[in-house]
Amino acid sequence: MTARMDNNQTSQGEAPHRSFLFRAVGLFTGDMRRCGEWVKRQSLVIQLLDCVFRGVAQVMFVNNPLSGLLIVIGLFLQNPWWALNGLLGTLVSTVSAFLLGQNRSAISAGLYGYNGTLVGMLMAVFSAKGSWYWWLFLPNVFMSMLCPVVSSALSSVASKWDLPIFTLPFNILVCLHIEATGAAHPYFPEVDFQPNNHLHHLNDSIQSLSISRLFLSVPVGVGQVYGCDSPWTGGLILLALLLCSPALCFHAMLGSAAGMFAGLALAASHRDIYTGLWGYNSALSCIAIGGVFYVITWQTHLLALISLFCAYMMSATSKLMSVLALPACTWPFCLSTLIFLLISYEIPAICRLPLSVVSYPEENRRYRRQLKASEKVQHSQQNGSQEEARPKENGRPNVQLQDETQQKHGKKQRRACACVWNKMSSPAPVS
């Protein structure tokens, strides 16, 4: 008995510690909602920092400022000049959205900053002037200012089908800048993009494949979302995804690996595979389909594996864009994922969420469970109200029984009235 009592006391004592640990972990994981509520009561500088870090993380569908800080550290490990341009683009895009009077909750979530992050980063990556060319800040600021304008315009069209705009503003603005300047521009020259007429290089063969570099191409492919080819940067980005949601981290690695295998199947250049150019679009597509815009189930896991289609789109798009001396950017991800979001399903397990409730995968699944529970409660209440309105006796509705009782009662009343009338009309007895 004493041993059982001691065990019960220890279990009761461990329960508060576990709950405290879970609450402490919950403060830094997910979307850090409590941190966002605290930031709203702070100064404008702290609010801007929160918006900037969330905007940097929103490139990977993450609404977590701590994850954004980890990603920024990874970007500085790759190239401080690139990271500085990315932060400048995020800040300018966020401030422009404030000045244009865009939705405050969307700005606070970083949804008006992530396109500016990519615009600033990739303009520095594609610049032929190299690092620390300070005049690059001018087109960076101008293009980042246009990000909320293009985002708002595209959202007004995409909202008719309840579709996200993804990184379409980034693709449009960066391609516009590269096409307007080109490789021979005296002030802002860009890297010369040669036409990609063939995929397979004659020097590449299966025997020359490096297994270690193939494994490294998975995190490198995730890092290439930001234009980075360092495995350390890709590892920190995966760590940032893991902090927010393990499901996001898993799908990012799954999509990058699927893109790598698709590149091998299409006999792509080994150099392009090693540097992650075949993985980043598939990683984004796998994240979006695997648990962000769909409720995470094993069916959506299988649907996310069709991110191989995004790799095929990457092959076709890179050839077409290279003819125009333009990079593929994230056009393959945007086009392929929008196609999958427009598909209509009759399978209940594949549930696409409305944009107003989209969050990280675990929260999406929790929302779906609560929605199902509320639907069951409403259904049971409706059935209960119908049963109260129409109770059944002996297998017949009560309405028929009420009609029958009313008819019987009417016959009795008529009989009683007839008896009274007969008594009144009959002669009085003789005394």
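Relative orientation of the Y187 and H185 rings is perpendicular, given thresholds of 30° and 60° on the angle between their planes.
Side-chain atoms of C329 and L122, non-hydrogen and from C-beta on, never get closer than 4.5 Å to each other. For the pair I178 and M123, the minimum side-chain heavy-atom distance is 4.5 Å or more. Side chains of Y294 and I289 form a contact here, defined as non-hydrogen atoms less than 4.5 Å apart. Using a 4.5 Å cut-off on side-chain heavy atoms (C-beta onward), H251 and H301 make contact. Contact annotation: the side chain of M313 approaches that of L335 to within less than 4.5 Å [non-hydrogen atoms, C-beta and beyond]. Using a 4.5 Å heavy-atom cutoff, the side chains of C310 and T337 are not in contact. In this structure the side chain of M60 reaches within 4.5 angstrom of the side chain of V222, judged on heavy atoms. For the pair S152/Q102, a side-chain contact is recorded, criterion being any heavy-atom separation below 4.5 Å from C-beta on.
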Verdict with reasoning, F293 to V358, per side chain to side chain contact (heavy atoms under 4.5 Å, CB included)
CA-CA 6 Å; F293 296 98; V358 166; 4.0 Å; yes
After noting the C-alpha distance and the side-chain angles of F166 and L341, does the key distance pass the side chain to side chain contact (heavy atoms under 4.5 Å, CB included) rule?
CA-CA 12 Å; F166 293 132; L341 291 181; 3.7 Å; yes
What's the verdict on side chain to side chain contact (heavy atoms under 4.5 Å, CB included) for R352 and D162, showing C-alpha distance, side-chain angles and the deciding distance?
CA-CA 10 Å; R352 183 191 157 195; D162 197 33; 4.1 Å; yes
Is there a side chain to side chain contact (heavy atoms under 4.5 Å, CB included) between S256 and Q224 once you walk through the steps?
CA-CA 10 Å; S256 182; Q224 278 288 2; over 6 Å; no
For E37 and K40: C-alpha separation, side-chain torsions, deciding distance, then whether salt bridge (Lys or Arg N to Asp or Glu O under 4.0 Å) applies.
CA-CA 5 Å; E37 295 173 355; K40 291 178 182 178; over 6 Å; no
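Between atom CG of residue L326 and atom OG of residue S322 there is a gap of 9.5 Å, rounded to the nearest 0.5 Å. A distance of 10.5 Å separates CE in M253 from CD1 in I287, rounded to the nearest 0.5 Å. With values rounded to the nearest 0.5 angstrom, I71 atom CD1 is found 11.0 Å from T233 atom OG1. In this structure, CG in L48 is found 10.0 Å from OG in S108, a value given to the nearest 0.5 Å. Between atom OG of residue S151 and atom CG of residue N115 there is a gap of 4.5 Å, rounded to the nearest 0.5 Å. Separation of atoms CG (L342) and CG (L163) is listed at 5.0 Å; rounding is to 0.5 Å.
Residues V225 and L118 share a closest heavy-atom pair of O-CD2, 3.4 Å. Closest of all the heavy-atom pairs between N364 and S359 is OD1-N, 2.8 Å. The heavy-atom pair separating P327 from M321 by the smallest distance is O-CE, 3.4 Å. For the residue pair S285 and S336, the shortest heavy atom distance occurs at OG-OG, 4.1 Å.
Side-chain polar atoms of S144 and N140 form a donor-acceptor pair below 3.5 angstrom.
In terms of the salt bridge (charged side-chain N to carboxylate O under 4.0 Å, His left out) criterion, residue partners of R33 (sequence neighbours excluded) are, by chain and number, D31.
Within the structure, ring pair (Phe, Tyr, Trp, His ring centres under 6.0 Å) contacts touching residues 85-130 (residues at least two apart or in different chains) are F126-F193.
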Return all side-chain donor-acceptor pairs below 3.5 angstrom for residues 235-246, not counting sequence neighbours, or 'none' if the list is empty.
residue	atom	partner	partner atom	Å
S245	OG	A247	N	3.3
S245	OG	L248	N	3.4
S245	OG	E362	OE1	2.6
S245	OG	E362	OE2	3.1

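Aromatic ring centres of Y280 and W331 lie farther apart than the 6.0 Å criterion allows.
Within a 6.0 Å sphere centred on CE of M145, heavy atoms belonging to other residues, nucleotides or ligands number 12 at most.
Test F188, W81, F142, W132 against F137 for ring-ring contact (aromatic ring centres under 6.0 Å, His included) and you get one pass: W81.
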